[in-house]
Student: 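Handing you this structure, nothing more for now.
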2 protein chains.
Amino acid sequence: MLSSPKKRAARPTKLPTKRPGPAGGARDRNRQATQQRLAAAALALFLERGTAAVTIDEIVARAGMAKGSFYRYARDKADLVAQILAPVIAETTGALDRCERALQVGRQGTLAAIYLTLARELSVMVAQQAACVLLYLQEARSPASAAPPAIQDLADRLTSRTIALTEIARDHGLIRAVDPEVSALAVLGATEAMLFAHLRGLRAPSATVPRVTAALVDIVLRGIGLQPRV
Amino acid sequence: MLSSPKKRAARPTKLPTKRPGPAGGARDRNRQATQQRLAAAALALFLERGTAAVTIDEIVARAGMAKGSFYRYARDKADLVAQILAPVIAETTGALDRCERALQVGRQGTLAAIYLTLARELSVMVAQQAACVLLYLQEARSPASAAPPAIQDLADRLTSRTIALTEIARDHGLIRAVDPEVSALAVLGATEAMLFAHLRGLRAPSATVPRVTAALVDIVLRGIGLQPRV
DNA sequence: TGAAAGCATGACTGTATAGTCACAACATCC
DNA sequence: GGATGTTGTGACTATACAGTCATGCTTTCA
């Protein structure tokens, strides 16, 4: 006590950033479990009714905890959204980073394979984080001041880096020489639309996922590929 | 006062549906002007911050009228959104209707032109109703209970009818024989993404509109067109 | 085992908001 | 120009919500 006369002065609107000592102790486990319950409850509600319409009271009610506890795990609703989307953002950014790095050192013959690796990595991520991806798709087009910043961040990053990757592909002669912004937006738009229909379960193609994926890839490659038009 | 003991019994939650006599009189003009002011103020706010985040108080403040007046022109916020989107819904539905009807009576050689007419009509509508279309795009992926019903309606109708039209095109051999749900979602997704980038003004292709449109049409036609893959 | 500190709780506060209503102002029509 | 009914007004109510806090509980660790 004597060494910390005012310990709350330097914490204007912060979460309790410090964890107590035990790395795998009961406290740590409890904390993680509560965190999970909170995130799961919030995610379910966000998908049902949109982030804007869901209240803190509803989240804690579904998570089965008191309202005060919410504020030990998140600063506010937007912060909780950021926590929920963090894995998706990290994995997406990582896959894009790896792709760009590989493109810088790759030789002409191996470039197409690098893009395929990106596609595969993102597919795995989407399959594993389906609910989070749906949350992103559902809110990505909200105005800047409406959606939580985390969602805007991801949307901006995804678009700009897709354009950059498309530009590289064009410069290497992997696709036709059209405005990379146009081809990137077209590919991203088509992919997201298909994904959204599938994840939301509305009007999704009735064929199996591998079949739909193959059909989409075929359409995209024809659309932006090298083949001359007859 | 004495002659009207109970005049409000038969009006549970209705708007004043009856207009007073004069067709082009001062009252009619005032009413239409107020309606316009309200819709314009609301639309601007909806685009800035999303329908969910905008309050009635803000709308009437920007429209420069008292709160009570709002409820003479709309039942609630969702009803106002429906009014704002009504022209877009009507024109879109009309263009789709005309296209379907034309396809039923058209001969093989004229079918492609019918789809082009649809595209042209929708383009004109988008150009004239840019703000409303942006509102639709911005909210179309919200969960059913979050977005105003009018937006959900339009989204559902647009998707299902695009699929139907794509199916007809495939059956007539205008495009390749792939699952029409896949090609329809791909085309719609690509188009909406481009449109959204353009209308929102974010990361829109820097080329001119006709040039971008031509590039997109080219990509789409290559993607779903008949040409065999080399 | 007991002191120390994170952790959980839910009642509480202040504020923001949807929707109402009694009344004033106005257009209409005779 | 006055009777009649519509339109405009803004204060008002009831409610719902975000965020706080004093209190008691659990874990930690010596």
Side-chain angles (χ1 to χ4, degrees), chain A residues 1-8 11-35 37-38 42 45 49 51-61 63-81 148, chain B residues 1-8 10-38 42 45 49 51-61 63-81 148:
Chain A
M1 278 304 106
L2 41 111
S3 60
S4 61
K6 317 172 176 181
K7 62 180 165 189
R8 60 175 48 222
R11 192 171 47 106
T13 327
K14 281 275 181 62
L15 295 178
T17 45
K18 55 201 166 195
R19 299 282 191 80
R27 214 153 228 186
D28 194 42
R29 270 182 287 115
N30 286 346
R31 193 175 167 89
Q32 283 190 325
T34 309
Q35 163 84 277
R37 259 193 309 152
L38 196 62
L45 285 167
R49 318 227 318 280
T51 56
V54 173
T55 68
I56 312 276
D57 288 276
E58 287 173 306
I59 296 172
V60 296
M65 63 178 67
K67 187 169 191 177
S69 302
F70 178 93
Y71 293 95
R72 293 197 177 277
Y73 291 88
R75 218 179 317 284
D76 52 22
K77 210 167 46 170
D79 183 41
L80 184 57
V81 172
Chain B
M1 286 306 116
L2 41 110
S3 61
S4 62
K6 317 172 176 182
K7 64 179 164 190
R8 58 177 50 222
R11 191 171 48 106
T13 324
K14 280 276 182 60
L15 295 177
T17 45
K18 55 202 166 197
R19 300 282 192 80
R27 209 150 233 188
D28 195 42
R29 269 182 287 116
N30 285 346
R31 194 176 166 87
Q32 283 189 327
T34 308
Q35 164 83 278
Q36 291 296 326
R37 258 193 309 152
L38 195 63
L45 285 167
R49 318 228 318 280
T51 57
V54 173
T55 68
I56 312 276
D57 287 278
E58 288 174 306
I59 296 172
V60 296
M65 63 177 68
K67 187 170 192 177
S69 301
F70 178 94
Y71 292 95
R72 293 196 179 277
Y73 290 88
R75 219 178 315 284
D76 52 22
K77 211 168 45 171
D79 184 41
L80 185 56
V81 172

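It should be emphasised that the depicted structure is a prediction, and the values quoted were computed from it without experimental measurement.
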Student: If every non-hydrogen atom of Arg72(A) is compared with every non-hydrogen atom of Arg31(A), which pair is closest and at what distance?
Tutor: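 Heavy atoms only, the tightest pair is O-NH2, 3.8 Å.
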Student: Name the closest nucleotide to the Ala26(B) side chain, picking from dA18(C), dA27(C), dG6(C).
Tutor: dA27(C)
Student: For the residue pair Asp79(B) and Ala74(B), what are the closest heavy atoms and their distance?
Tutor: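 Taking every non-hydrogen atom into account, OD2-CA, 3.4 Å.
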Student: On DNA chain C, does the nearest nucleotide to Lys77(B) precede the nearest nucleotide to Asn30(B) from the 5' side, or the other way round? Give the residue.
Tutor: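 Looking at DNA chain C, the more 5' nearest nucleotide goes with Lys77(B).
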Student: Please pick, from dC7(C), dG10(C), dT28(C), the nucleotide with the shortest atom-to-atom distance to any side-chain atom of Ala66(A).
Tutor: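 Minimum distance to the Ala66(A) side chain belongs to dG10(C).
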Student: What verdict does the side chain to side chain contact (heavy atoms under 4.5 Å, CB included) test give for Thr34(B) and Arg37(B), after you've listed the backbone C-alpha separation in whole Å, the side-chain angles of each residue and the deciding distance to 0.1 Å?
Tutor: CA-CA 5 Å; Thr34(B) 308; Arg37(B) 258 193 309 152; 3.8 Å; yes
Student: Check for a donor-acceptor pair, side chain of Lys67(B) on one end and backbone N or O of Ile56(B) on the other, with a separation under 3.5 Å.
Tutor: no
Student: Both Gly68(A) and Ile56(A) contact DNA chain D. Which one's nearest nucleotide lies toward the 5' end?
Tutor: Ile56(A)
Student: Thr34(A) side chain N/O closer than 4.0 Å to the phosphate oxygens (OP1, OP2) of dA8(C)?
Tutor: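 Answer yes for this pair, as a side-chain N or O of Thr34(A) is under 4.0 Å from OP1 or OP2.
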Student: Side chain of Asp57(B): nearest nucleotide among dA18(C), dT28(D), dT9(D)?
Tutor: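 It is dA18(C).
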Student: For the side chain of Thr55(B), counting heavy atoms from C-beta on, which of dG19(C), dT17(C), dG19(D) is nearest?
Tutor: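 Looking only at side-chain atoms, Thr55(B) lies closest to dT17(C).
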Student: Can you find an N or O donor on one side and an acceptor on the other, under 3.5 Å apart, linking the side chain of Arg72(B) with the base of dG8(D)?
Tutor: yes
Student: Out of dT26(D), dG5(D), dA18(C), which has the shortest distance to the side chain of Arg27(A)?
Tutor: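 The closest nucleotide is dT26(D).
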Student: Give the minimum heavy-atom separation between Val54(B) and Leu45(B), together with the two atoms involved.
Tutor: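 Shortest heavy-atom separation between Val54(B) and Leu45(B) comes out as CG2-O, 3.5 Å.
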Student: What nucleotide, of dA5(C), dT7(D), dA18(D), holds the atom closest to the side chain of Tyr71(A)?
Tutor: dA18(D)
Student: Is there a donor and acceptor pair, one atom on the side chain of Lys67(A) and one on the base of dA11(C), closer than 3.5 Å?
Tutor: no
Student: Between dT20(C) atom C1' and Phe70(B) atom CZ, what is the distance in whole Å?
Tutor: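 Spelled out: CZ on Phe70(B) to C1' on dT20(C) is 14 Å.
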Student: Give a yes/no on whether any side-chain N or O of Arg31(A) is located under 4.0 angstrom from OP1 or OP2 of dC7(C).
Tutor: yes
Student: Just the rounded figure in Å: distance from C1' of dG8(D) to OH of Tyr73(B).
Tutor: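 Computing the Tyr73(B):OH to dG8(D):C1' distance gives 8 Å.
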Student: Find the distance Met65(A):CE to dA11(C):P and express it as a whole number of Å.
Tutor: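 Rounded to whole Å, this separation is 17 Å.
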Student: Return the value, rounded to whole Å, for the distance between atom CZ of Arg29(B) and atom C1' of dT28(C).
Tutor: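 To the nearest whole Å, that distance equals 13 Å.
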Student: For the pair made of CD in Gln32(B) and P in dA27(C), what is the distance, rounded to whole Å?
Tutor: 16 Å
Student: Using whole Å, report how far CG of Leu38(B) lies from C1' of dT9(D).
Tutor: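 So the CG-C1' distance, Leu38(B) to dT9(D), works out to 15 Å.
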Student: May I ask you to evaluate whether Ser69(B) reaches the phosphate of dT7(D), defined as a side-chain N or O under 4.0 Å from OP1 or OP2?
Tutor: no
Student: Nearest-Å distance, CG (Asp76(B)) to P (dT20(C))?
Tutor: 10 Å
